[in-house]
Amino acid sequence: MIDPKLLRQATAEVAANLARRGFDFDAESYLALEAQRKALQVETETLQNERNQSAKSIGKAKAQGEDIEPLKAAVKDLGDRLAAADASLKGVQDELRSIELGLPNLLADDVPDGHDEDANAEVRRWGTPGEFDFEVQDHIDLGAALGMLDFDAAARISGARFAVMRGGLARLQRALIQFMLDVHVGEHGYEETYVPYLVQSQALVGTGQLPKFEEDLFRTTDENPFYLIPTAEVPVTNLARERIFEPEQLPLRLTAHTPCFRSEAGSHGQDTRGMIRQHQFEKVELVHFVAPGDSARALEELTSHAEEILKRLELPYRLVSLCSGDIGFGATKTYDIEVWLPGQQKYREISSCSNYTDFQARRMKARVRNAETGKPELLHTLNGSGVAAGRALIAVKENYQQEDGSIRVPDALKPWMGGISELRPD
RNA sequence: GGAGAGGUGCCAGAGUGGUCGAAUGGGCCUGACUCGAAAUCAGGUGUACGGUUCUCCCGUACCGUGGGUUCGAAUCCCACCCUCUCCGCCA
């Protein structure tokens with residue numbers, strides 16, 4: 001959520017910033033509604049004051065044994081007037097809030113302008129795509145030939161967009177997760193967390209998935225439904241919900257491995273083959289809580305932590321800064337890390353690292369006490385994948401494939417592979 | 001799932017429906033005393049929103065959440081949520 005004060009005091013500037021995303025903010029009707037709010041709030045609070053004053057004098061009169069009936073008669077209609085004003089005020093406030101919850105975050109100045117992913121700016125590349133002196137296979141054929149990746153079995157159990165893995169391949173994914181967690185916890189200063197995979201709507205409102213993107217989520221049928229988390233960002237970021245941190249407690253770096261569940265509504269036809277886009281996938285997530293002034297620097301650090309994983313795995317990648325038309329709803333700035341996939345001869349997203357500034361914090365009431373003033377103020381949140389395990393597995397398979405269809409185990413993963421140095425058919 | 005107890009400020013813990021944003025104690029901050037510290041004494045110590053003559057002041061809201069009764073609710077009524085104890089079940 002954008003600061004409502006800023007929204008009404010610098011409406012034109014906000015609208016101009018949001019326009020860079022292609023978002024049309026109707027400033028005029030917002031300001032009209034805001035003027036209504038102000039008038040109604042003043043009216044309501046004046047009436048409340050009147051009620052409080054007269055209730056007090058009635059109390060005093062009664063204590064002195066006076067007849068309070070005339071006093072009661074005098075305020076007879078006050079309750080009705082107050083109820084009416086209050087109801088109008090609530091209505092306008094709800095309207096304003098729903099507008100505010102639907103506004104994306106303000107973009108950072110250095111976000112490149114553009115309509116879609118073609119305008120994303122490449123920041124740097126690392127590694128060189130490997131040369132193969134044989135015809136490369138994609139991860140689907142590789143997995144099938146190994147007998148370790150079975151989409152038919154998954155379809156019989158759960159339908160499309162699920163995968164079953166067996167043996168060394170299943171273990172390789174687990175090794176990736178262990179490796180990533182160990183690097184982040186042991187070397188990058190993260191605290192490992194274990195969090196719920198089912199959350200209630202307010203958590204998703206906090207991180208920004210709701211109310212706008214309900215169709216991307218799986219939901220239970222309970223009266224108060226649970227949602228399956230689309231990313232660990234949701235439960236982990238909400239650890240700051242309604243909390244006030246002391247300045248010395250920040251920065252706080254948290255990591256978690258969780259499965260992620262996405263309905264992928266509207267993505268029919270995209271990446272239908274293979275493990276690129278699934279209803280369920282594993283991911284290691286990185287989350288930072290930082291003081292308001294520190295988030296720009298924290299984004300660079302968080303991104304470098306995700307990059308380090310690909311470097312250790314010796315997977316070529318490039319880093320892009322998402323343009324104004326491609327960047328996510330709540331982010332002020334986002335770096336995507338794209339890993340090289342020989343099977344597609346393309347760089348594909350494997351991590352997305354974003355600075356949310358105070359956007360999520362305002363929704364969650366996540367604050368930090370200012371070291372100088374002692375007053376609580378909204379902290380800044382960031383998150384990024386460090387990295388998506390399912391896609392990392394694809395990348396390892398395709399980049400480490402050998403002519404006979406076997407797959408070499410990257411050195412970085414060997415500690416978790418129990419002596420297995422290659423995946424090959426039984 | 002059954003039975004019971006309870007949810008009040010940073011913590012503990014009061015609160016016959018009326019000046020309760022909330023006693024008291026602890027903690028914390030400031031000051032006095034002291035060479036310094038301890039002890040003692042005095043004062044202060046929530047958040048959000050709004051108004052404003054905007055480093056002051058004023059108003060409103062908040063005692064688990066949401067409704068209701070009332071001129072007036074932390075206090076009464078209803079529903080829900082959560083925590084704890086015991087029983088049952090279970091990984």
Side-chain angles (χ1 to χ4, degrees), chain A residues 1-11 30-101 194-206 220 222-227 235 238-249 259 292 358-379:
Chain A
M1 215 165 102
I2 298 173
D3 183 0
K5 275 200 186 97
L6 190 70
L7 221 41
R8 71 179 96 109
Q9 285 167 5
T11 317
Y30 178 82
L31 286 177
L33 207 54
E34 168 55 28
Q36 270 188 56
R37 186 232 93 220
K38 184 165 166 178
L40 283 169
Q41 182 163 342
V42 170
E43 183 189 347
T44 303
E45 291 185 355
T46 305
L47 288 171
Q48 284 173 326
N49 184 23
E50 217 176 298
R51 177 202 60 197
N52 292 346
Q53 295 306 324
S54 51
K56 262 182 200 176
S57 25
I58 290 176
K60 270 186 207 164
K62 195 179 174 190
Q64 291 167 8
E66 296 170 19
D67 180 14
I68 59 172
E69 287 310 316
L71 290 170
K72 283 170 75 168
V75 294
K76 196 164 182 301
D77 68 328
L78 188 61
D80 291 338
R81 285 194 287 147
L82 178 55
D86 195 46
S88 313
L89 176 61
K90 286 279 183 323
V92 171
Q93 281 175 332
D94 286 350
E95 239 178 294
L96 281 168
R97 181 165 173 81
S98 94
I99 291 172
E100 287 157 7
L101 284 176
Y194 173 81
V195 290
Y197 302 161
L198 293 171
V199 299
Q200 298 194 335
S201 60
Q202 66 268 22
L204 289 149
V205 171
T220 67
D222 301 58
E223 194 180 339
N224 288 312
F226 287 112
Y227 292 84
N238 273 282
L239 289 173
R241 179 180 204 82
E242 287 164 44
R243 286 196 57 191
I244 301 176
F245 289 90
E246 295 305 321
E248 61 272 15
Q249 291 178 283
D358 61 9
F359 184 86
Q360 296 179 321
R362 183 168 289 106
R363 291 168 167 241
M364 295 189 301
K365 296 189 176 67
R367 292 168 291 176
V368 57
R369 205 170 286 287
N370 183 295
E372 276 80 47
T373 66
K375 292 291 174 192
E377 52 193 35
L378 295 170
L379 54 77

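Throughout, a chain's letter reflects where its sequence line sits, starting with A, and its residues are numbered from 1.
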Distance, [atom1] atom - from [M] to [N], rounded to whole angstrom:
{"N": "B:G50", "M": "B:C41", "atom1": "P", "value": "43 Å"}
{"N": "B:C20", "M": "B:C78", "atom1": "C1'", "value": "25 Å"}
{"N": "B:G44", "M": "B:G26", "atom1": "P", "value": "16 Å"}
{"N": "B:C29", "M": "B:G46", "atom1": "C1'", "value": "15 Å"}

*Looking at residues 1-11 of chain A, who's got a heavy atom less than 4.0 Å off RNA chain B?*
A:Lys5, A:Arg8
Pairs: protein N or O with nucleotides 16-22 of chain B N or O, under 3.5 Å:
{"residue": "B:G18", "atom": "O6", "partner": "A:Lys62", "partner atom": "NZ", "Å": "3.3"}
{"residue": "B:G18", "atom": "N2", "partner": "A:Ala55", "partner atom": "O", "Å": "2.8"}

Is the distance from OP1 or OP2 of [N] to the nearest side-chain N or O of [X] less than 4.0 Å?
{"X": "A:Asn52", "N": "B:U60", "value": "yes"}
{"X": "A:Arg369", "N": "B:C10", "value": "no"}
{"X": "A:Asn49", "N": "B:G59", "value": "no"}

Of all the nucleotides listed ([options]), which has the minimum atom distance to the side chain of [X]?
{"X": "A:Arg37", "options": "B:G51, B:U60, B:U47", "result": "B:G51"}
{"X": "A:Arg367", "options": "B:U47, B:A61, B:C49", "result": "B:U47"}
{"X": "A:Lys72", "options": "B:C71, B:U60, B:G50", "result": "B:C71"}

*RNA chain B in dot-bracket, Watson-Crick or G-U pairs under 3.5 Å, [ ] crossing, | other strand?*
((((((((.[[[..)..(.....]]]((((((.......))))))((((((.....)))))).[[[[[..)....]]]]])))))))....
*asked:* If only side-chain N and O atoms count, and only distance matters, is there a donor-acceptor pair under 3.5 Å linking A:Gln48 with A:Asn52?
replied: no
